There are 2 protein chains.
Amino acid sequence: MKLDKSLLSGSTGLLVLKLLEDGDKYGYQMTEELRRRSDKTFELKSGTLYPLLHTLEQKGYITAWEEASDSSRPRRYYHLTDTGRKHLAEKEQEWRTYADAMVKVLKGGEGYA
Amino acid sequence: MKLDKSLLSGSTGLLVLKLLEDGDKYGYQMTEELRRRSDKTFELKSGTLYPLLHTLEQKGYITAWEEASDSSRPRRYYHLTDTGRKHLAEKEQEWRTYADAMVKVLKGGEGYA
DNA sequence: TTGACTTATGTCGATATTCGATATATCATG
DNA sequence: CATGATATATCGAATATCGACATAAGTCAA
C-alpha cells in the first residue's frame, strides 16, 4: 500500500529526537532504526534527514561530534541536549493531543448533529 | 498551550471529508463543527479551508451547490461524492497506519537496541 | 445610528516541509 | 570489476498552511 507521506508531516523532528533519547546516533543509523521500529512505515529520505539534523542543531536541540577516523569518511554522531530533551517532551505531549482530537473527529459526528 | 499547527499537517483534507460524511455542509460550518468535535484542537483558518475545498472539488471528491438566496451572499454547500467516500476510507486507513507506527516509535527503543 | 462583532467566502504572498534527483566516497560481495 | 550497501550532503520543485487582507451582510448594544 502506498502511503501518503504528507499525512503526518511535521512530526519528523519529533521522531528523530525520540531516537536520540536512547543514546547518540548518526544519520544513516537513524533512518535504519526508524524503519525498523515503525515496521517500515517511516522511511526517512536523506534529502529530508540531513537538512533536518542541521536545523535541529541550529536550534540547540542536538549537538554533533565526528567519529575519529583516518581513512574513511567520518560519521557524524548526534547527541540530544537538555534543551532538546525538554522540547521532545513538549512535542510528544502535543502529538498525543492531536492524535486524541483526530480520533474524536474520526469517531463520527452522530452525537453532535 | 500553544500547539504546533504543522504537527499533523496533511490530514486536513481527511478531516474535511470526514465532516461531510454526515451530510452536506458549508465552509464556515465545517470550521465550527471541527472545532467542536475536536475540543478546540483543530481550528481551521479560512486561508486553509477555502483553497482546500476548491482542490477537493477539482479532484472530484466533493461537489458544490449554492443555497438559493435573494438578498444575502449565498452559502456554498459541499457534498461528498462516491469517489470522495472511497478516498476518505483509504485516508482513514492510512492515518491509522501512521498513528500506530508513531505509537511504536514513541513507546521507546529499549527492546531494540 | 454608529460602531463592534459574528457570519461567510475568498485571494495572496510568505514560510516550512518533504521529496526526488544528483553528487561524492568508502567498503564488501560476487 | 561492477553492483549494492553504507554514509553525508545539496538543490530545486512541489505542496501545505498561515497571516493578512478584502468584501459583505446581519445582529446587538450604547
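Source: prediction; values computed, not measured. To find a chain, count down the sequence lines: A is the first, B the second, and so on, and within it residues start at 1. What you see below is based on every heavy atom in this structure, not just the backbone, and it leaves out hydrogens, waters and symmetry mates.
Taking B:Tyr28 as the reference, nothing meets the side chain to side chain donor-acceptor pair (under 3.5 Å) condition, with sequence neighbours excluded. Here A:Asp24 pairs with A:Trp65, A:His79 under the side chain to side chain donor-acceptor pair (under 3.5 Å) rule; sequence neighbours left out. The side chain to side chain donor-acceptor pair (under 3.5 Å) check on B:Arg35 picks up B:Glu32, with sequence neighbours excluded. In this structure B:Lys25 satisfies the side chain to side chain donor-acceptor pair (under 3.5 Å) test with no other residue, sequence neighbours excluded.
Rounded to whole Å, atom P of C:dT18 lies 12 Å from atom CG of A:Leu34. One interatomic measurement links the two molecules: CD of A:Gln58 to C1' of C:dT17, which rounds to 15 Å at whole-angstrom precision. Rounded to an integer number of Å, the gap from NZ of B:Lys25 to P of C:dT9 is 14 Å. What separates CG of A:Leu56 from C1' of C:dT18 is a distance of 14 Å, to the nearest Å. Atom pair A:Leu44:CG and C:dT17:C1' shows a separation of 12 Å (rounding to whole Å applied). The separation between B:Glu33 atom CD and C:dT7 atom C1' is 16 Å, rounded to whole Å. Atom-to-atom, CZ of A:Phe42 to P of C:dT17 comes out at 17 Å; the value is rounded to the nearest Å. Rounded to an integer number of Å, the gap from NZ of B:Lys45 to C1' of D:dG19 is 8 Å.
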Side chains of residues 50-62 of chain B: which donor-acceptor pairs under 3.5 Å do they make with residues two or more places apart or in other chains?
unit_1	atom_1	unit_2	atom_2	d
B:His54	ND1	B:Tyr50	O	3.2
B:Thr55	OG1	B:Pro51	O	2.9
B:Tyr61	OH	B:His87	ND1	3.2

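Ionic pairing of B:Lys86 and B:Glu90 is not present here: no N-O contact between side-chain nitrogen and carboxylate oxygen is shorter than 4.0 angstrom.
The shortest distance between the side-chain N/O atoms of A:Thr12 and the OP1/OP2 oxygens of C:dT17 is not below 4.0 Å.
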Report task. Classify every nucleotide of nucleotides 5-12 of chain D by which part a protein heavy atom approaches to under 4.0 Å, writing B for the base, S for the sugar-phosphate alone and - for neither, in 5'-to-3' order. Result -> -SBBBB--

